[in-house]
Every structure is written in C-alpha cells, then in structure tokens.
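What follows is one structure encoded as structure tokens, with my remarks underneath.
Each chain gets a letter, A, B and so on, in the order its sequence line appears, and its residues count up from 1.
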There are 2 protein chains.
Amino acid sequence: MENNEKISTESKILAAAEQVFLRSGYDGSRMQEIADLAGINKALLHYYFRSKDALFEKIFEDKFSQFFPRLQEELNHATSFAEKVCLYAELHIGLLIKNPYLPHFVINTLQKNPDFAQKIPTEVLMQVLQTYYTDLEAQKVRELNPVQFMMSVMSMCVFPFLSKPLFCKAINLSDKDFELLMQARIEEVKRYIKVLLEPIG
Amino acid sequence: MENNEKISTESKILAAAEQVFLRSGYDGSRMQEIADLAGINKALLHYYFRSKDALFEKIFEDKFSQFFPRLQEELNHATSFAEKVCLYAELHIGLLIKNPYLPHFVINTLQKNPDFAQKIPTEVLMQVLQTYYTDLEAQKVRELNPVQFMMSVMSMCVFPFLSKPLFCKAINLSDKDFELLMQARIEEVKRYIKVLLEPIG
DNA sequence: GGCAAAATTAACCATTTGGTTAAACTAATT
DNA sequence: AATTAGTTTAACCAAATGGTTAATTTTGCC
C-alpha cells in the first residue's frame, strides 16, 4: 500500500525551484533556498541546470507550456464571443485559484525583463477578439470597444489575486474567505459580461 | 533667469531612491545605484538614512501620505455611490498615468512583506462601500454584491498598468498608444459603472 | 567482484553588496 | 585666523551569493 516511487532529482529540483521562484521572484530567490527545499546539495542545481538564469527560464517556460494550449483548445468549444469570454473567465479564475502566485510571478518577471513576454503565447487573445467582429456583424453583441472590454474582463479575473494582501486587510478577510470570494467571482464576472454585451432592444 | 536654487542632498537622495525603488523594487535595487543617480557617495546614504530598510520604508510611506488624503477629500464632493465610484476611477487612473510604476511597486512590496499593508490607508474603500447601502435603501442603485463590484472597478483601473508589457506585446501597441488607451479608459470605466449600477425599471 | 559512468557532496572561490570608519573638506562662529 | 560642528569621501569590512572543483558515493554493466 505504500508509495515507493522514487522521485527523480531533476523533478525535485523543478518542484522546489517553482515554489521558490513563484513566491519570491528572481531577485528574491536564493539558489541555496531551492537546494534546501529540494533536499540536495547546491552544486547539484548547477549540475542539472547550468545557472540560476537557466533554471529560472526553464520554470517560466514550463508554467505556460501547460495552460495556454489547453485554454486555446477549450475555447473552441464556445462559439459566440460572449460564450468565449465567459469560458475564458471561468478557466482563468479556476487556474488562479489553484496557482495564486502566478500573476505576481508573471508581472514581476515582465517588469524586470520585458523580453520574457515573447515566451507567453498571447495569440488566444487575438482569436477571441476576432469573434467579436463576426458577432457584431450578426448583431449578436452591443457595439463597444473590444480592446477595452477584453482588458476589463482580464483585469477582473487577475487583479484580485494580485491585490489580495491589501484587499484582505482593507475589508478584514481571512484566506478562506478570500478563496470563497474568488469562487463566487467566476459567476460575478460572467454576469458582468452578459450585462455589458447583451444587444440592445 | 537661471535657476540657482541649491537642491539639498537629502531631497536628491529621496528623488533617486524613489526612482530606483519604484522601478526595481526592494530586492532589485542597489544602494550604489541610488547613490550614483543622486550623484553622491554611497556612505552619504547611510549618513542621512540609516539603512536600506529605513530608506525604503521612507519612500513607501511618502508615496501614500500624498495621494490618499487628497482622494478621500475629493470623494466628498460626490454624493451618490455611482458618483463616488466614477470619481474614484477618474482620480485613480489619472494618478497612475502620472505614476505608472506605482501599482507594481505596491504589489511587489506587499507580496514580500504583507505588514506594509498597514501603512496604506484603506478606510476610503469602506466609506465608499457605506454609501452603497444608503443608496440601495433609497432604490437609487440596482441590487448587487458591492464588494465584488468595488473589486471589479479597482481591477479595471489598476490592472492595465500592471499588465502593460504583456498587453502591448500581445496587440502590438507603442508606449504612446498605451497612454492614449489609458486616457480613454477613464470614460470606459465610467460607462461600465453606469451600466452596471443603473436601477432597473 | 570489478569497473566505468553518472550522481552527489564538501570545500572553495570571486564578486557583489549593505554597511562602517577614519580622514578630509566646508561653512559658520568667535 | 582658529575652532568647531556638520558634510562628504575613499578605503575598507564582513556577510551573502552564484558558481566551480575535485573528491566521494552510487549505479548500471560486464
């Protein structure tokens, strides 16, 4: 009944590095800290991954090679713009509830090194925007600025996770309260989307 | 006609420290970098402000001792909840256009050291929320969850500045384009607020 | 068992970095 | 001019940190 699977050193390093880098960012992370968390010698980090830079890059790329392709595929299940945006909100908030440090990690990295933006596949956004114009012609949506609109929806999904420390203090919420608020937020954002997109008349 | 005002060393340090800390955060900033930017010897930093910690704390506190009291006062000019929220959006986005690094600075600092949240006066938020309930009784607003609503409005105001590097790359915007988008965003957010709050009937 | 290759470690190194010290310079005071 | 207090600097220090090396242990293979 016991689990004797041996965990490879490489995956132990990756798990530890992910945890440390996501919490503390590049500058705030120490190689020693990662080694300790992985339960290995610091030199092994350099044996498997050449440098701190290389290890960081690996973690960064891994985090996006998983989610974005799946998001893109899932969004194909929705046909109209409104449906696509709703589904996007649901999937994105769902991901962030499981990975609450992700937004800060991305923002932080891109602020220091904007070149990393190229590692994030953002074509999905363009594709969703495209559906707006077809829907508009078919008069299935109210006329609005779709760029501003998408920016708003993304903001509503992501920002709460970034402002959690401040927000929880301001209105006195526990961690559990916050997670429940985020669960409820999925429906909240969807409701907003529907109100804002519904065709007039 | 020339300006011979001597700029005090202390204010030169503060200006330099603000610039460096806001761009790079605590971990990413070097005391030497601040000294260079201020055009002085590094030891002078410690002569005027004891340590990196002390200097950082000073900068952090200064940034909020200006804006929040003024915001609170300005918001008194608005009476209804809808007006207050609209004015808040206008003032906040206006501030951020002038201080685009501020959101990242705050988020970054609070992620690493949540205790700093106590240095940010958040009572304004509670006061605005209070107006919602009085307006609801007078049937001047649609019934909704005001916490989620405020979270959405704040998100729409702040998040674009955080995601600028990614967003500009995704839809291929220049810095100037982005600033124009943010200018237009004030009216955009106001429009959303009105649509979402307008009483039914 | 013996051996070579891979994995792992302890000890070390060079650089960076926040911080200190003692000396030098400046400006006001007498 | 001499004295003194405040300001500024060059040189230095200790700790932290990313990275390396050479030796040791483990593993797979004959």
Exercise. Check whether the side chains of Y133(A) and E137(A) place a donor and an acceptor atom closer than 3.5 Å, and report yes or no.
Key: no
Atom CG of L45(A) and atom P of dT9(C) are separated, to the nearest Å, by 10 Å
message: Parallel, tilted or perpendicular, judged at 30° and 60°: which one describes the rings of F21(A) and Y26(A)?
response: parallel
salt_bridge(E188(A), R191(A)) N-O dist < 4.0 Å: yes
Check ion pair K164(A)-D175(A) (N to O, under 4.0 angstrom) = yes
Is there a side-chain contact between R30(A) and the phosphate of dA16(D), meaning an N or O under 4.0 Å from OP1 or OP2?
no
- Query: How about E83(A) and T79(A): does a side-chain donor come under 3.5 Å of a side-chain acceptor?
  - Reply: yes
- Task: Specify whether Y88(A) and H92(A) have parallel, tilted or perpendicular ring planes, treating 30° as the upper limit for parallel and 60° as the lower limit for perpendicular.
- Result: perpendicular
Practice item. Flag the pair E73(B) and R70(B) as a salt bridge only when some basic side-chain nitrogen lies within less than 4.0 angstrom of an acidic carboxylate oxygen. Key: no
Output a table of nitrogen or oxygen pairs between the protein and nucleotides 24-26 of chain D separated by less than 3.5 Å.
none

Separation of dG19(C) atom C1' from D53(B) atom CG, nearest Å, is 12 Å
Rounded to whole Å, CD of Q32(A) lies from C1' of dG18(D) at a distance of 11 Å
M31(B) CE to dA14(D) P, in whole Å, measures 20 Å
I13(A) CD1 to dA7(C) P, in whole Å, measures 11 Å
F49(A) atom CZ is separated from dG19(D) atom P, nearest whole Å, by 14 Å
Item to complete: Describe, in one word, how the ring planes of F81(A) and Y132(A) are oriented to each other, choosing from parallel (under 30°), tilted (30 to 60°) and perpendicular (over 60°).
Response: perpendicular
In whole angstroms, the gap separating C1' of dG19(C) from CD1 of I34(B) amounts to 14 Å
Rounded to whole Å, CD of E10(A) lies from P of dA7(C) at a distance of 10 Å
Without hydrogens or angle criteria, can the side chains of D62(B) and S65(B) be said to hold a donor-acceptor pair below 3.5 Å? no
Dump the pairs, protein N or O against N or O of nucleotides 5-11 of chain D, anything under 3.5 Å, distances to one decimal.
residue: dT7(D); atom: OP2; partner: Y47(B); partner atom: OH; Å: 3.1
residue: dT8(D); atom: OP1; partner: T9(B); partner atom: OG1; Å: 3.0
residue: dT8(D); atom: OP2; partner: T9(B); partner atom: OG1; Å: 3.2
residue: dT8(D); atom: OP2; partner: Y48(B); partner atom: OH; Å: 2.9
residue: dT9(D); atom: OP2; partner: N41(B); partner atom: N; Å: 2.9
residue: dA10(D); atom: OP2; partner: N41(B); partner atom: ND2; Å: 3.4
residue: dA10(D); atom: N7; partner: N41(B); partner atom: ND2; Å: 3.2

| message | Please classify the nucleic acid contact of S29(B) as base, sugar-phosphate, or nothing, using heavy-atom distances under 4.0 Å. | response | sugar-phosphate
